[in-house]
Amino acid sequence: MLPKAYDPKACEDKIYALWEESGAFKADAKSKKEPFVISMPPPNATGQLHLGHAVMLALEDIFIRFARMQGKEALWLPGTDHAAIATESVVIKKIQKEEKIKDPRAHYGREKLVAKIAEFVEQSRSTIRSQVRKMGASCDWSRERYTLDASLNRCVNEVFKRMYADELIYRGQRIVNWDPKMQTTVSDDEIEHIEEKAPFYTFQYGPFQISTARPETKFGDKVVVMHPDDERYKQYKDGDTFECEWINGKIMATVIKDDKAIDPTFGTGCMTITPWHDMTDFDLAERRHLSREQIIGFDGRLLDVAGEFAGMPIEEARPKVVEKLKEKGLLVKVDENYIHRIAVSYRGKGIVEPQIKEQWFIDVNKPVVVWKKKKLSLKEVMQDVIRSKDIQIIPERFEKVYFHWVDNLRDWCISRQIWWGHRIPVYYCLECGEGKSRVGEGIRDSGLGHRGIFVSLQSLKKCPQCGGPVEQDPDTLDTWFSSGLWTWSTLIDPTLAEDTSLSLQDLLKKSPDFQKFHPTAVMETGYDILFFWVARMILMTTYATGQIPFKHVYLHGLVRTRDGKKMSKSDPSTCIDPLAIIPKYGADALRLSMIVGQSPGNDFRLYEEKIGGYRNFINKLWNASRFVLMQCEKAGVDPKGAGKGLGLGDLSVVDRALLSSLQALIADVTEGLQKYRLSEVGERLYSFVWDYFCDWYLEFSKGESNPVVLVHALRTIVHLLHPYCPFVTEELWGQIGPKGCSPLIREPWPVANKKLIDREAEEQLQLLIDVISSIRSLRAEYDVVPEMKIPATVHATRSGPFLSQHQAHVLRLANVSELAVVPKAPAHHHGMVSAFRKGIDVHLSLEGIVDLAQVKVNLEAERTQLTKFLSGVRAKLENEQFMARAKPEVIENEKQKLADAEAKIAKIEERLKALS
RNA sequence: GGGUGGUUAGCUCAGUUGGUUUAGAGCGUCUGGUUUACACCCAGAAGGUCACAGGUUCGAUUCCUGUACCACCCACCA
């Protein structure tokens, strides 16, 4: 016998082990079945699983289990990401804290630090593995991958090499986002803007007044810009020069007229520019070939150009520069309430400083990608696959967001100055010349070995041309470069990848997994990494493989706290840790709480009561099963044997109604899951189990039970629920599955049987339910104490014999002493209270119990409400336009409503007349 | 500055092509219950002019426009 309450702790680990041992997770590349593939978004190998991962795992596990039960070759490929900057920064902080080493990079050097990070990652990966298992994720562990695996590294280098050969990758001096804290570049998308109040200074600059919030960058400003149409400055011409007293003495300044950089309505309408440290100024300087000068060093301190301020950090220098300008009488005014946005690194949270630095870039506008027989740029391919619906985003509105991002995409800076990651596979010959100096504007040689630069898949010891010594590029690749390959680099056969004589195309062709499982079916992830990752996978995969990476993108919302705030680890009072929740409520309850009631793309709030609610549901299912097993035992039926060959002939109406509504359930759940409507399907199942199966069918079973039907129904329910709550359903399947059956995870998905659909039985059962509900309502309304059994009369226009035949149910469930089913309305008498329902009227004799005045009040209230409703329906039917234009079935429906309401109102009036 | 989403019962949220909905669920509230699984339960009930203003339509919570507030995303206003 089952225990009284479901205990997830006692079951979950055992069941997960059973699944793993059964081989159900393992996909077969040789299978003839239709593939269904999900690449698991690899969690960062930086520590702990959080709720974001839990949502992802719950959703994807539902997709994959459903597909597997439907008989598809389901592959869910798990893995982890080395998460370049994120991991390096975590480990550096850890070393600083635990080992009290101020600068771990300097202290350990490249090789040792990388080894330390690798060690940390190894630990963290194994933690994550066990955490993913706790959620019940049915992924194929035999195919687990890591972005730094040898075969994945190979893919990274191959793609780099090809892009370089295609002249998509180039090196250039560009303005980039420099994070002085992490000492690396970060991409545009890794920047957050924070609003900050800062003083806004206006200074006298020769004859002009210019404003700035960054006076400490102004040392090298020798150009003043204004709009060509600005009347205030029409006496100055483009190219005019003037002498000007500035921070460190006199300078010669030049006037530039430009209509792109200047908004004449802002401030004084003119500004000086700092091309080295400002994106707009850089663009202007490019257009006009202006000189540029570095003011702030990569360590965040002012350089020699700052004169007496050299060596100072920004925050220290700023007020001092202002003070000096003020002393010189050049400070015009200060606006203390100015709000400006400062750029902060997404990872390290350090303040980002624009800097000019030589970096590697991917050109997104060069038309070199062959796509659908045309030569397109990377950008155009990214646009095409969504526009042509090759890839569909759910919810659809994110397509707009995607296009906005792609349309404005600039060349992607892929080099990072950190050590943890894929090293750029480029070597410089120290003798051939130019490679060593690494200067020059955008090196774009077509060959792979010109000018002393070599892109190589293997480490180079000497120059292939002159035999001279070489050095490797010290930079590493943006982490999204490698994760952009994730859907297919994980499907490359690792053994084949060792053979360097094979080209990338050969590897793709010869890898059975790639051939069978790519493109993947659905990419499920949070909408917050649509740009970071989803877009980059599209870019990299279409280029490298000629295929789309996935057919659907399903974007889930972010988990928030009860108050709608972001969950943060630093605040444990509001932050829910999945690993603390699972032992308390079970993984199934946690899964349901994150799926039901949510819609894709929208954030949702999660809190313990919600999870508790679904724990109750799981327990309800458990106890329903317990009841079914008890019924079997009582009847001497073996729950593991019963069920095959159900015949309709000798089944009761109640049983036939149940079987019939089960068919509708199967159809709805199947269709809903195919359309990715997980919340709706979850609610449907919840309501079916609780409100129908438990509250009605099992209650009826207490009077008259058919254990074979009970077991059959429960088996179907457990199948349909399995993708949502795999643990409890698998545990129950162990009790009710036929002898010798496979685990539920491998069971075929139920198919609706049209022969079992029986509308008449469903309607009759509904009648029975209506009678019982009506009596219960009346009893409660008129305070009939539970101990008191009373007689009831039902006036049924049809189905009378049916009701008589099943009156035992009514007696028991409505606490009635006897039930009279009559074909004609019974004569009115004092103490009679009634409920008028569709097709039936239910009457109770409560003489001496009920307050007649109260009956009258209630009837009058009901009449008022009905009259109001009736006048609305009448108005509709009297409206010629409505009659002329509405669909016939709508009119018919309204007429029916009218007739029903009229009949009911007539009965109420009759009753009121008798009462007065 | 541009864009997206939200605004539905006290709270958290569903609502799939405009009419079978006199708008639903869970939690909470109120009343009553140890009824042959379940108090992680059962029965009954209260509670909403679907943010506001227009428009389209015979008909709008649902489509369109505008307004307000909230949230988020994007952007080089010095």
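Numbers restart at 1 for each chain; the letters A, B, ... are given by sequence-line order, proteins then strands.
Listed by chain and residue number, nothing satisfies the side chain to side chain contact (heavy atoms under 4.5 Å, CB included) test with A:Lys868 (two or more places apart in sequence, or in another chain).
Rounded to a whole Å, the CG atom of A:Leu530 is 12 Å from the C1' atom of B:C74.
Distance from the side chain of A:Phe531 is smallest for B:C74 among the nucleotides B:C74, B:A43, B:A78. Of all nucleotides listed (B:A78, B:C13, B:G19), B:C13 comes nearest to the side chain of A:Arg605. Picking from B:C74, B:C77, B:U22 the nucleotide with the shortest atom distance to the side chain of A:Gln865 gives B:U22. Each of B:G19, B:U4, B:A78 was ranked by its minimum atom distance to the side chain of A:Arg397; first place goes to B:U4.
A cation-pi arrangement, defined by a distance under 6.0 Å to the six-membered ring centre and an angle within 45 degrees of its axis, is absent between A:Lys333 and A:Phe203. A:Tyr607 carries A:Arg562 over the face of its six-membered ring, with the cationic atom under 6.0 Å from the centre and within 45° of the normal.
Aromatic stacking of A:Phe266 on B:C77: not satisfied for centres closer than 5.5 Å together with planes under 30 degrees.
Residue contacts shown for A:Gly586 are absent, as no nucleic acid heavy atom lies under 4.0 Å away. If you check every strand for non-hydrogen atoms under 4.0 Å, A:Lys868 touches nothing.
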For every nucleotide of nucleotides 28-41 of chain B, 5' to 3': is a protein heavy atom under 4.0 Å from its base (B), only from its sugar-phosphate (S), or from neither (-)?
----S---BBBSBS
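Listed by residue number, A:Asn879 are the residues of residues 872-879 of chain A with a heavy-atom contact under 4.0 Å to RNA chain B.
In secondary-structure terms, RNA chain B builds stems of at least 3 consecutive Watson-Crick or G-U pairs, each pair having both distances under 3.5 Å, at B:1-7 with B:68-74, B:10-13 with B:24-27, B:29-33 with B:41-45, B:51-55 with B:63-67.
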Which pairs of donor and acceptor atoms, one on a side chain in residues 278-285 of chain A, lie under 3.5 Å apart (sequence neighbours left out)?
{"from": "A:Asp278", "atom 1": "OD1", "to": "A:Thr280", "atom 2": "N", "distance (Å)": "2.9"}
{"from": "A:Asp278", "atom 1": "OD1", "to": "A:Thr280", "atom 2": "OG1", "distance (Å)": "3.4"}
{"from": "A:Asp278", "atom 1": "OD1", "to": "A:Asp281", "atom 2": "N", "distance (Å)": "3.1"}
{"from": "A:Asp281", "atom 1": "OD2", "to": "A:Thr274", "atom 2": "N", "distance (Å)": "2.7"}

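Aromatic pair A:Tyr527/A:His556: ring centres not closer than 6.0 Å. In this structure, A:Tyr697 has its ring center no closer than 6.0 Å to that of A:Tyr692. Taking the six-membered ring for Trp, A:Phe208 and A:Tyr233 have ring centres closer than 6.0 Å.
Look at the P atom in both B:C30 and B:U21: the space between them is 31 Å, to the nearest Å.
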Distances under 3.5 Å between nitrogen or oxygen atoms of protein and nucleotides 14-17 of chain B:
{"from": "B:A14", "atom 1": "OP1", "to": "A:Ser599", "atom 2": "OG", "distance (Å)": "2.9"}
{"from": "B:A14", "atom 1": "O2'", "to": "A:Glu683", "atom 2": "OE2", "distance (Å)": "3.4"}
{"from": "B:U16", "atom 1": "O2", "to": "A:Arg677", "atom 2": "NH1", "distance (Å)": "2.4"}
{"from": "B:U16", "atom 1": "N3", "to": "A:Glu680", "atom 2": "OE2", "distance (Å)": "3.2"}

